Amino acid sequence: MKLAARVSQVTPSLTLAIAAKAKAMQADGLDVCSFSTGEPDFETPTHIKAAAIKALEAGKTRYGPAAGEPRLRSAIAQSLQADGLCYAAENVIVTNGGKHSLFNLMMALLDPGDEVIIPAPYWLSYPEMVRLAAGVPVIVPTDAASGYKITPSQLQQAITPRTRLFVLNSPSNPTGMVYTAAEIQAIADVIVAANVWVVSDEIYGKITYEPAQHVSIGSLGPKIFERTLISSGFAKAYSMTGWRVGYLAGPVELIKAASTIQGHSTSNVCTFAQYGAIAALEGSQECVEQMRLAFAERRIVILDLLRQIPGLTCGQPEGAFYLFVNIRQTGLTSLQFCDALLETHQVATIPGIAFGADDHIRLSYATDMTTIERGMERLATFVKSHL
Ligand SMILES: *Cc1c(COP(=O)(O)O)cnc(C)c1O
């Protein structure tokens, strides 16, 4: 069958494929330790569920405005203001998750051939979205020595007359690294001088570990604020992955364009789900803190166990819930490593090649302590047999 050319330019999500294989093995009765899924293992907090149920019962079951429920847009603008970002409701569009927010942005901003600078390791959907929007991803590799962070001079060198956008993701998926305020300031200076856009993917902004702190690039002054777009959502901090509620914030003109695109593609986000999101923002933030503390505890345990395994190295993540592990000493590619580990030891991880780093694998520690302890034991046995 002849499909559109754009289809052949993108690859299906490897993370979803591996998670599916691990689930199939589990369904066959195999005892799988999974570190593959990029989602919190907690239930959505009760008061958020209750608000959605109440909305459903109150008849919030119809089409709403394409850009989102006005009360939710206001609540999001207020929470962004608390981060030092001067947005009103009209600067915000509610989208079908943070992923869709970025997709809308690429569609609204890019012309064919426009370049988007993406530091690697990157979240696997960034380059694919850019390609789907006919843009050109420009990948800038980083390594453990720089904490997997792009330096201002690397960014400067990657900028060309075709550069339209830079993608910043801090805290990062897959590395867990968090840029310091000074590092973000230095990047902001380059962005302002080059007069390009930056989109800050802040989906893990509420999940950082002391002393790291999330700083939003747009909060560093009026000049960089004018060049900033914010993408975020409820999935990670509030454990609402399946709800599909996220948002994009930026200049009114761009938000209007994204709303037009959304109005002809998905229309509004599920109406009663948006009421859950309102409750998430307006209610107590205690649930976010409880989950963060659980991740913090697991982070220490898994990092300690992992660092005892000869042949593997891993930096200390400062946010999100991933370990990005260097497997170079095994001599295996990341796909060989992850396939063999799953087949022979029933441990599911994600090959780094999906994130643009073939000598790494990603482990999510958004899972229980028992899985962490058993999984690390199996990983140690596996690596020992490959050194
Ligand atoms: C999970 C994730 C998102 C968006 O997730 P949604 O479920 O679409 O809200 C965006 N960026 C990164 C880096 C993520 O890990």
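Worth knowing before you read on, the calculation uses all heavy atoms, side chains too, and leaves out hydrogens, waters and symmetry mates. Please read all numbers here as calculations on a predicted model, not as lab measurements. Start at 1 and go down the list; that is how both ligands and their atoms are numbered.
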Nitrogen or oxygen contacts under 3.5 Å, ligand 1 side and protein side:
from     : atom 1 : to     : atom 2 : distance (Å)
ligand 1 : 7 (O)  : Arg244 : NH1    : 2.7
ligand 1 : 8 (O)  : Gly98  : N      : 3.1
ligand 1 : 8 (O)  : Lys99  : N      : 2.9
ligand 1 : 8 (O)  : Arg244 : NH2    : 2.7
ligand 1 : 9 (O)  : Gly98  : N      : 2.7
ligand 1 : 11 (N) : Asp201 : OD2    : 2.6
ligand 1 : 15 (O) : Asn173 : ND2    : 2.8
ligand 1 : 15 (O) : Tyr204 : OH     : 2.7
ligand 1 : 15 (O) : Lys236 : NZ     : 3.0

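A salt bridge links Glu282 with Arg71: the closest approach of a Lys/Arg side-chain nitrogen to an acidic carboxylate oxygen falls below 4.0 angstrom.
Ala257 is linked by a side chain to side chain contact (heavy atoms under 4.5 Å, CB included) to Ala108, counting only residues two or more places apart in sequence or in another chain. Partners of Glu39 by side chain to side chain contact (heavy atoms under 4.5 Å, CB included), not counting sequence neighbours, listed by chain and number: Thr37, Thr241.
Among residues at least two apart or in separate chains, side chain to side chain donor-acceptor pair (under 3.5 Å) pairs with a member in residues 22-33 are Asp31-Arg374, Asp31-Arg378.
Of the listed residues (Ile255, Ile76, Val252, Ile230), just one forms a side chain to side chain contact (heavy atoms under 4.5 Å, CB included) with Val92, and that residue is Ile76.
By the 4.5 Å heavy-atom criterion applied to side chains, Arg299 and Pro317 are counted as neighbours.
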